[in-house]
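Throughout, a chain's letter reflects where its sequence line sits, starting with A, and its residues are numbered from 1. All values below were derived from every heavy atom in this structure, side-chain atoms included, with hydrogens, water molecules and symmetry-related copies excluded.
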Protein chains: 2
Amino acid sequence: MTKDNDPKSHAWAVLLTAHATLIERIETALAQAGLPPLGWYDVLWELEKAEGGRLRMHELARRVVLSRSNLTRLADRLEDARLIEREDTAHDRRGYDCVITRAGLAMRRKMWPVYKAEIERLFSRHITVEEARTIGDALGRAVKAARGN
Amino acid sequence: MTKDNDPKSHAWAVLLTAHATLIERIETALAQAGLPPLGWYDVLWELEKAEGGRLRMHELARRVVLSRSNLTRLADRLEDARLIEREDTAHDRRGYDCVITRAGLAMRRKMWPVYKAEIERLFSRHITVEEARTIGDALGRAVKAARGN
DNA sequence: CACAGATAGTTGCAGATGCAACGATATGCT
DNA sequence: AGCATATCGTTGCATCTGCAACTATCTGTG
């Protein structure tokens, strides 16, 4: 939080602090509401957005920015909770599709209001639409470049 | 990365992705250089900035946004590596001061070029100074509000 | 000054994480 | 076709994490 001489380093430092602080609050809010952690939401939401509610494991891992081994076990937990299912994929006997279930859709819908309220309370309320656009654009460029490596 | 209707939700989503992606890259770079993880840097840097290179455990935990139990063990590791020391604090027999050692200062100095190069490559290069100011201001406000809770 | 309640830091435990190694399958080259 | 190489997803291992419980100490109130 120290005033840096370089605005870019300062922005990076604040981004780290903001992420850590807000995520901590959001996880707490979800836990207090008796809901699963944010990582579950991310997976469910990516699946819900995807064509047919299904994605290959590696593609899902890429989208939620998780290592594969990590996604394997997160998928295990979600499958135990009946929120997703693994199906053999066509044309590649090595792979699986993760498919979101009805219960998975319902869970995501149940988590969203809690998550949304926290985003509003902790983030949206404090920034202007113009700032939001700038953040989305600038960080979006950085992500795109990092992925293009 | 989906185009959201709401710029603020979109900014939040991009922030999450950017954080995850860039941190992953930075950790990889540090590991490849044979250096400790980013969490060590954060602690060392906070101590180095602090008056006398020392902070109480709880204050250090607050600044690096870590739970206390977590900081206890991170401090254990740093102490094992002789990068910090714990000293009884004056006036409160419950508490300890974490103090950075010469080796700790040296380690932070050794990590910085690697960290800095990654920040530059992954973040600074892709944003303007004006955007950096906006990010620092906007997220700074959010952090400040969240802490004032 | 005695006691209730708050705070400092640590520890046990269960769960989450990354990395390297693995078996299985696919792909490219000859 | 046959073999080397790459990719898919899982697993073992060591490490890291948060929560709740714990001891020790401090603070405020009567």
Side-chain angles (χ1 to χ4, degrees), chain A residues 19-43 47 54-81 84-99, chain B residues 19-43 47 54-81 84-99:
Chain A
H19 178 269
T21 306
L22 303 199
I23 288 291
E24 184 186 59
R25 303 306 180 95
I26 290 168
E27 293 286 13
T28 300
L30 287 169
Q32 278 176 353
L35 293 169
L38 198 51
W40 290 37
Y41 184 90
D42 292 337
V43 168
L47 287 175
R54 72 173 55 223
L55 284 171
R56 289 290 294 266
M57 292 288 282
H58 68 277
E59 180 57 20
L60 183 52
R62 200 188 61 80
R63 295 196 191 189
V64 299
V65 194
L66 234 58
S67 68
R68 286 189 196 173
S69 64
N70 197 356
L71 178 62
T72 291
R73 286 182 261 235
L74 178 49
D76 289 345
R77 282 170 245 142
L78 288 162
E79 204 170 20
D80 285 347
I84 67 167
E85 283 172 355
R86 266 181 269 218
E87 292 181 10
D88 290 348
T89 193
H91 307 310
D92 188 340
R93 277 184 293 180
R94 289 170 305 181
Y96 300 97
D97 286 350
C98 278
V99 192
Chain B
H19 178 268
T21 306
L22 303 200
I23 288 292
E24 184 186 60
R25 302 307 180 94
I26 290 167
E27 293 285 12
T28 300
L30 287 170
Q32 279 177 353
L35 293 168
L38 199 49
W40 290 36
Y41 185 89
D42 293 336
V43 168
L47 287 175
R54 74 173 53 223
L55 283 171
R56 289 290 293 267
M57 292 288 282
H58 67 275
E59 179 57 20
L60 183 52
R62 200 187 62 80
R63 296 195 191 189
V64 299
V65 195
L66 236 57
S67 69
R68 288 191 196 173
S69 64
N70 198 354
L71 179 62
T72 291
R73 286 182 262 234
L74 178 49
D76 288 345
R77 282 170 245 141
L78 287 162
E79 205 169 20
D80 285 348
I84 67 168
E85 284 171 355
R86 265 180 269 217
E87 291 181 10
D88 290 348
T89 194
H91 308 308
D92 189 340
R93 275 183 295 180
R94 289 171 305 182
Y96 300 97
D97 286 349
C98 279
V99 192

Can you check nucleotides 22-27 of chain C for protein contacts, nitrogen or oxygen pairs under 3.5 Å, and list what you find?
residue : atom : partner : partner atom : Å
C/dA26  : OP1  : A/Arg93 : N            : 2.9

Between CG on residue A/Leu60 and OH on residue A/Tyr96, distance to nearest 0.5 Å: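 Atom-to-atom, A/Leu60:CG and A/Tyr96:OH are 15.5 Å apart.
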
Spatial distance of atom CG (B/Leu66) from atom CG (B/Leu71) [nearest 0.5 Å]: 6.0 Å

Paired stretches of DNA chain D - 3 or more consecutive Watson-Crick or G-U pairs, each distance under 3.5 Å: C:1-30 with D:1-30

In this structure, how many angstroms lie between the [atom2] atom of [N] and the [atom1] atom of [X], rounded?
X: B/Leu38; N: C/dT17; atom1: CG; atom2: C1'; value: 16 Å
X: A/Glu87; N: D/dC8; atom1: CD; atom2: C1'; value: 17 Å
X: A/Asp80; N: D/dT10; atom1: CG; atom2: C1'; value: 15 Å
X: A/Leu60; N: D/dG9; atom1: CG; atom2: P; value: 10 Å
X: B/Leu71; N: C/dT11; atom1: CG; atom2: P; value: 13 Å
X: A/Leu55; N: D/dC8; atom1: CG; atom2: C1'; value: 15 Å
X: B/Arg56; N: C/dT10; atom1: CZ; atom2: C1'; value: 14 Å
X: A/Asp76; N: C/dG15; atom1: CG; atom2: C1'; value: 13 Å

Protein N or O to nucleotides 15-22 of chain D N or O, pairs below 3.5 Å:
residue : atom : partner : partner atom : Å
D/dC16  : OP2  : B/Arg77 : NE           : 3.2
D/dT17  : OP2  : B/Asn70 : OD1          : 3.3
D/dT17  : O5'  : B/Asn70 : ND2          : 3.4
D/dT17  : O3'  : B/Asn70 : ND2          : 3.3
D/dG18  : OP2  : B/Ser67 : OG           : 3.0
D/dG18  : OP2  : B/Asn70 : ND2          : 2.5
D/dG18  : O6   : B/Arg73 : NH2          : 2.9
D/dC19  : N4   : B/Ser69 : OG           : 3.0

Any side-chain heavy-atom pair from [X] and [Y] closer than 4.5 angstrom?
X: A/Met57; Y: A/Arg68; answer: no
X: B/Cys98; Y: B/Ile84; answer: yes
X: B/Leu38; Y: B/Leu30; answer: yes
X: B/Asp92; Y: B/Arg56; answer: yes
X: B/Leu74; Y: B/Trp40; answer: yes

OP1 or OP2 of D/dT7 under 4.0 Å from side-chain N/O of A/His58: no

A/Arg62 vs D/dG9: side-chain N/O to OP1/OP2 distance below 4.0 Å: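 No.
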
Nearest heavy-atom neighbours spanning A/Glu59 and A/Leu55: CG-CD2, 3.9 Å

Salt bridge present between B/Arg63 and B/Asp42 (N-O < 4.0 angstrom): no

B/Arg86 bridged to B/Asp76 by N-O distance under 4.0 Å: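 Salt bridge flag = yes for B/Asp76 with B/Arg86.
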
A/Glu85 atom CD: more than 12 heavy-atom contacts under 6.0 Å: no

